Amino acid sequence: MTATIAYGAVEVGTELPARSFPVTRATLVQYAGASGDFNPIHWNEKFAREVGLPDVIAHGMFTMAEAIRVVTDWTGDPGAVVEYGVRFTKPVVVPNDDTGALIEVSGKVAAKLDDNLVRVDLTVTSDDKKVLGMSRALVRLA
Amino acid sequence: MALDQSFVGRTYPPTPAYEVGREKIREFAEAVGDTNPAYTDPEAAKALGYSDVIAPPTFVFSITFRAAGQVIQDPQLGLDYSRVVHGDQKFAHVRPVRAGDRLTVTSTIEGIKSMAGNDIVDIRGEVHDESGEHVVTAWTKLVARAAEEA
């Protein structure tokens, strides 16, 4: 593994470059196909409303996949992510228009551990609501 | 009705091998809009020290969740899947999943809880490759929401 960020170059509090990820209905259809998760709450508005949701919502695993890109873009080597966990706290609601929703992700180094590992805590919001909680990754730096 | 606590610790038989294909990884990376060349270009992956393209950190969920179907659909457990939502998800990687891997998943029920009428089931999926090497562990928390009052 060859992460491009050196362990010695980061401190607790170091911020990772924040990113925003747009998500439309088309994105969700594509993710459904790629992941094999065809739950209709992710593409059928009528069904979503029938089960009590405000509208179609993004796959939680889609949001989880986008959030870790802040870390993998930072390290360069996606294999540097040793552990990654999240709690799905609020859904990302995706309206049926050209704009869709925006998933906003920021991250910072929360702890420096042994073995060149750091813990990165991610903040993930959409429409100003926190959509992932306890979103943390252990990352092995160079 | 609360789920039977005696299912805690139950391990299900390993799944048949899932062969990870380069094009499946590419399809997944494109679906999340990620252009990291380690996912699509074997030379870029080799430059990072991998024998072939690797998969994004959450890719393996498609495989472990399918395996968790053994638990979810176990009629003896009796989980009401129509009311299930995904609570938590965690992965611990020994190494990244890569193209050419033939992966089996062994699912274990780690915990069963009942809170405010919700059934909460924690499932651990241990993923091994063809040589028996441990590749990744996935923990999935499922919450079956309490049925509404009729």
Side-chain angles (χ1 to χ4, degrees), chain A residues 1-4 19 21-24 26-37 39 41 51-53 57-73 75-89 91 103 132-140 142, chain B residues 18 23-40 44-50 53-66 69 81-98 135-143 145 148:
Chain A
M1 279 182 261
T2 44
T4 51
R19 291 202 55 184
F21 303 101
V23 46
T24 65
T27 319
L28 297 183
V29 171
Q30 189 177 358
Y31 184 78
S35 68
D37 182 346
N39 188 327
I41 60 173
V51 297
L53 294 167
I57 63 168
H59 304 73
M61 289 306 301
F62 175 83
T63 305
M64 187 177 185
E66 295 301 341
I68 198 64
R69 288 176 59 191
V70 162
V71 176
T72 56
D73 284 356
T75 62
D77 178 3
V81 177
V82 175
E83 281 187 28
Y84 177 35
V86 306
R87 173 161 296 168
F88 302 104
T89 49
I103 297 167
L132 298 181
M134 305 287 288
S135 184
R136 294 173 170 184
L138 282 187
V139 187
R140 180 162 288 124
Chain B
Y18 174 102
E23 296 306 328
K24 190 64 195 177
I25 293 175
R26 178 193 300 275
E27 183 187 358
F28 185 92
E30 285 178 354
V32 298
D34 196 330
T35 57
N36 192 314
Y39 302 143
T40 52
K46 276 178 193 144
L48 293 172
Y50 305 113
V53 293
I54 61 170
T58 64
F59 173 88
V60 79
F61 181 78
S62 299
I63 307 166
T64 59
F65 190 64
R66 191 182 302 180
Y81 187 61
S82 70
R83 310 200 62 81
V84 164
V85 295
H86 198 172
D88 293 17
Q89 182 61 41
K90 184 179 172 186
F91 302 97
H93 285 269
V94 179
R95 65 162 173 85
V97 168
R98 60 179 176 246
V135 178
V136 52
T137 301
W139 289 268
T140 300
K141 185 186 291 291
L142 299 176
V143 181
R145 292 168 298 152
E148 283 131 19

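Below, chains carry the letters A, B, ... as their sequence lines are ordered, and counting in each starts from 1. From a predicted model like this one, the values you see are computed outputs, not experimental measurements.
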query = How long is the span from the NZ atom in B:Lys90 to the CE atom in A:Met134, to the nearest 0.5 Å?
reply = 9.5 Å
inquiry  = What's the separation between atom CD in A:Gln30 and atom CD in B:Glu30, rounded to the nearest 0.5 Å?
reply    =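 Result: 7.0 Å between the selected atoms.
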query = Tell me, side chain or backbone of A:Val51 under 4.5 Å from chain B's heavy atoms, or both, or neither?
reply = backbone
query = So which part of B:Ala92 gets closer than 4.5 Å to some heavy atom of chain A, the side chain, the backbone, both or neither?
reply = both
inquiry  = Using heavy-atom distances under 4.5 Å, tell me whether B:Asn36 contacts chain A through its side chain, its backbone, both, or neither.
reply    = side chain
Ignoring hydrogens, what is the shortest heavy-atom contact between [X] and [Y]? Give both atom names and the distance.
X       : Y       : value
B:Phe91 : A:Met64 : CE1-CE, 3.6 Å
A:Ala80 : B:Tyr50 : N-OH, 4.5 Å
B:Ala31 : A:Phe62 : O-CE1, 3.7 Å
A:Ala65 : B:Val32 : CB-CG1, 3.7 Å
A:Arg69 : B:Asp34 : CG-OD2, 3.3 Å

task = Not counting sequence neighbours, which residues clear salt bridge (charged side-chain N to carboxylate O under 4.0 Å, His left out) with A:Arg19? List them please.
result =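 For A:Arg19 the salt bridge (charged side-chain N to carboxylate O under 4.0 Å, His left out) partners, ignoring immediate neighbours, are A:Asp73.
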ask   = If you count heavy-atom pairs under 4.5 Å with chain A, which of B:Lys24, B:Arg98, B:His86, B:Lys141 comes out on top?
value =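 Option with the greatest count: B:His86.
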Choice from B:Gly33, B:Pro37, B:Ala38 maximising heavy atom contacts with chain A below 4.5 Å =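 Most heavy-atom pairs under 4.5 Å with chain A: B:Gly33.
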task = Answer yes or no: is there a side-chain heavy-atom contact under 4.5 Å between B:Leu48 and A:Pro78?
result =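 Side chain of B:Leu48 against side chain of A:Pro78, heavy atoms only: contact under 4.5 Å found.
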inquiry  = Taking every non-hydrogen pair under 4.5 Å, which of A:Glu83, A:Glu66, A:Met61 racks up the most with chain B?
reply    =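 Highest number of pairs under 4.5 Å: A:Met61.
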task = Under 4.5 Å, counting heavy-atom pairs only, tell me which of A:Ile41, A:Asn39, A:Thr72 racks up the most with chain B.
result = A:Thr72
Can you give the donor-acceptor pairs under 3.5 Å from side chains of residues 54-65 of chain B to other protein atoms, not counting sequence neighbours?
from, atom 1, to, atom 2, distance (Å)
B:Ser62, OG, A:Ser35, O, 3.0
B:Thr64, OG1, B:Phe61, O, 3.4

